[in-house]
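Shown next, in structure tokens, is the structure this report addresses.
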Amino acid sequence: MKPNDYHVSMDALASLCKRRGFIFQTSEIYGGINGFWDYGPLGVELKRNIKESWWKSVVQTRENVVGLDSSIIMHPKVWEASGHIGNFKDPMLDCRETKGRYRADQISVLKHKTDDSALMFAFHEEASEPAEKKVKKLAKGDVADYETVPLLDIPVENYDRLVGPETNEPGTLTEPRAFNLMFKTFVGPVEGSASVAYLRPETAQGIFAQFGNVHAVSRQKIPFGIAQIGKAFRNEINPRNYTFRSREFEQMELEFFIEPGTDAEQHEYWVTERLKWYEKVGLPEGRMHRDIHEGDALAHYASACTDIMYDFPFGTQELEGIAARGNFDLTQHQECSGKKLEYLDDESKERYIPHVIEPSAGVDRIALALLCEAYRVEWIPKGGGEVLTAEPGVERAPEGYEARTVLRFAPCIAPYKVAVFPLLKNKEELVGKAREVFEQLNERWTCFYDHAGAIGRRYRRQDEIGTPLGVTIDFDTLEDDTVTVRDRDTMEQVRMPISELETYIAERVRF
RNA sequence: GCGGGUGUAGCUCAGUGGUAGAGCUUCACGUUGCCAACGUGAUUGUCGUCGGUUCGAAUCCGAUCACCCGCUCCA
């Protein structure tokens, strides 16, 4: 498949998605709420197809991957073990210059006892020595004139005179902010610290927490995987770019447990596998990229992480992260729960905590990428001839052309597979036959029946929602039981017997 | 979180203090023998929300919410 050379504007896409029922703002009648979206009749079909295709590719067709559906709210200790609470319950601040990040409660400040306009020097816990040197060097002052106060006692207005722990410049520290992005709730009717729980910020921890049970019942040997699709919640500071960064979203995650030492080859294997899948669902190679994390960008426990990126109209952004996480998660859960999460290798009789490769994909981001990729406006010459791709931002067709908006979804993920039309609605025989064909096909695929208005208008309406095939019942049908099948992309038609329809469609739309 | 912009019918938008509008869409009927045809008719709005000024507010003022752009953030 060729990359779409049409550049959709996010406004035009959002407008179509609302008009045709892909995506609505949540609780719109109350003014909406930032970072939450609803999927309409077409959007829900699109997402179902994405999830089904992923499940087939990652679970169904692999004997060594099994599924799981864990609960959204889990024991709060799960998030202590995973590090989601510990790292982020405290206010953090950043240094703009060194990119360092500090816990505000661990930073102290050397402040002049009397001169409020003097420079102040931040330092980390008890390591006051560098700050004392800076007092002499930068402020030409005497440490005896300075007192040590907690950073949290310094008003934010005075941060422009505050020198960060690892710089010599004042004013590089940001305001301390609470960085816990987990949604908090309470289990049971009484709100109190004992009943605090969290909406999961990722589905992965549900898999790690059930590793023992799943392994015990599934008769799997390493390497094997546990996969899960489900909602996750992150209280993002700033949701942006339509549905791209939402506070409630759906993940498709695989934890693939492996023998230590095979991390690199297994990681590369899954990156390749996943890229093949993206191509299959309609995201062309030319628009996909690997972002390979190295050095500081890599979590301390990870040996590799590759983001799979797509060229969105608003920039190249992550659809999926594939991380080699070592045995960090299982080790953490083993320690925090006190339950063994080891694997016994039957042949070598060795016990070890498995390492894991984690491909973690965002359903909503993939849906958005597919919409961006599929959307295009074409200019069709009225007298026949070459179809042009509309110029970016100019949707009105030039003289002699008419515009066609079309979603060129890969057939396997299109919300409707087939539309069925009687050529005319006021001829009972045509309508009756069309209903018959529709009901036959609708048993097998999501189909759409329409008899309203001119046939051309009905074709174009289906183009705009990406239905790949249109079956039309005309007067010849009544004579010889043949129909025309119209292709969304070429707009060309072939005539075939109704008896051959199912085979033909199955070939065109299979996952 | 900061700065700027926007908010009127399902969509795109006009309307600068005095009767709420257009085009498209949708629906019905008629017409229509394959690519957004035509005719007739119909539905659609607390003018984002709340408050203030005014005899009177879509219009002026304030707050708030949502969306967009740029910074910031993104375990």
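So that the names make sense, note that chain A is the first sequence line, chain B the second, and so on, each numbered from 1.
Not a single donor-acceptor contact under 3.5 angstrom links the side-chain atoms of A:R20 to the base of B:G10. For B:C34, its base sits under 3.5 Å from the side chain of A:D474 at one donor and acceptor pair at least. Side-chain to base pairing of A:Y459 with B:C34: one donor and one acceptor N or O lie within less than 3.5 Å of each other.
With both ends at atom C1', the span from B:C60 to B:C68 equals 25 Å, rounded to whole Å. Taking the P atoms as reference points, B:U32 lies 16 Å from B:A37, given to the whole Å.
Salt bridge status for A:R495 with A:D474: present, with a side-chain N to carboxylate O gap under 4.0 Å.
Heavy atoms of A:R457 sit under 4.0 angstrom from primed sugar atoms or phosphate atoms, though from no base atom. Residue A:R234 is classed as a base contact, given a heavy-atom separation below 4.0 Å to a base. Contacts of A:K18 with the nucleic acid, taken as non-hydrogen atoms under 4.0 Å apart, involve only primed sugar atoms and P, OP1 or OP2. Across all strands shown, A:F421 has no heavy atoms under 4.0 Å from either base or sugar-phosphate atoms. Counting any heavy atom pair closer than 4.0 Å across all strands shown, A:N426 reaches a base atom.
Residues A:I33 and A:R245 both approach RNA chain B. Their nearest nucleotides, taken by heavy-atom distance, put A:I33 toward the 5′ side.
Between A:Y310 and A:F312, the distance separating the two ring centers is shorter than 6.0 angstrom.
Searching all strands for a Watson-Crick or G-U wobble partner of B:C35 with both distances below 3.5 Å returns nothing. Pairing partner, B:U54: none, since no Watson-Crick or wobble contact has both distances short of 3.5 Å. Summarising the base pairing, B:U26 is matched to B:A42 through a Watson-Crick or G-U wobble pair whose two defining distances lie under 3.5 Å.
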Tell me, with the steps shown, if A:K77 and A:E80 meet salt bridge (charged side-chain N to carboxylate O under 4.0 Å, His left out).
CA-CA 5 Å; A:K77 280 199 168 172; A:E80 280 176 34; 6.0 Å; no

Steps toward side-chain contact (heavy atoms from CB on, under 4.5 Å) verdict (A:S246, A:D364):
CA-CA 9 Å; A:S246 299; A:D364 310 81; 5.7 Å; no

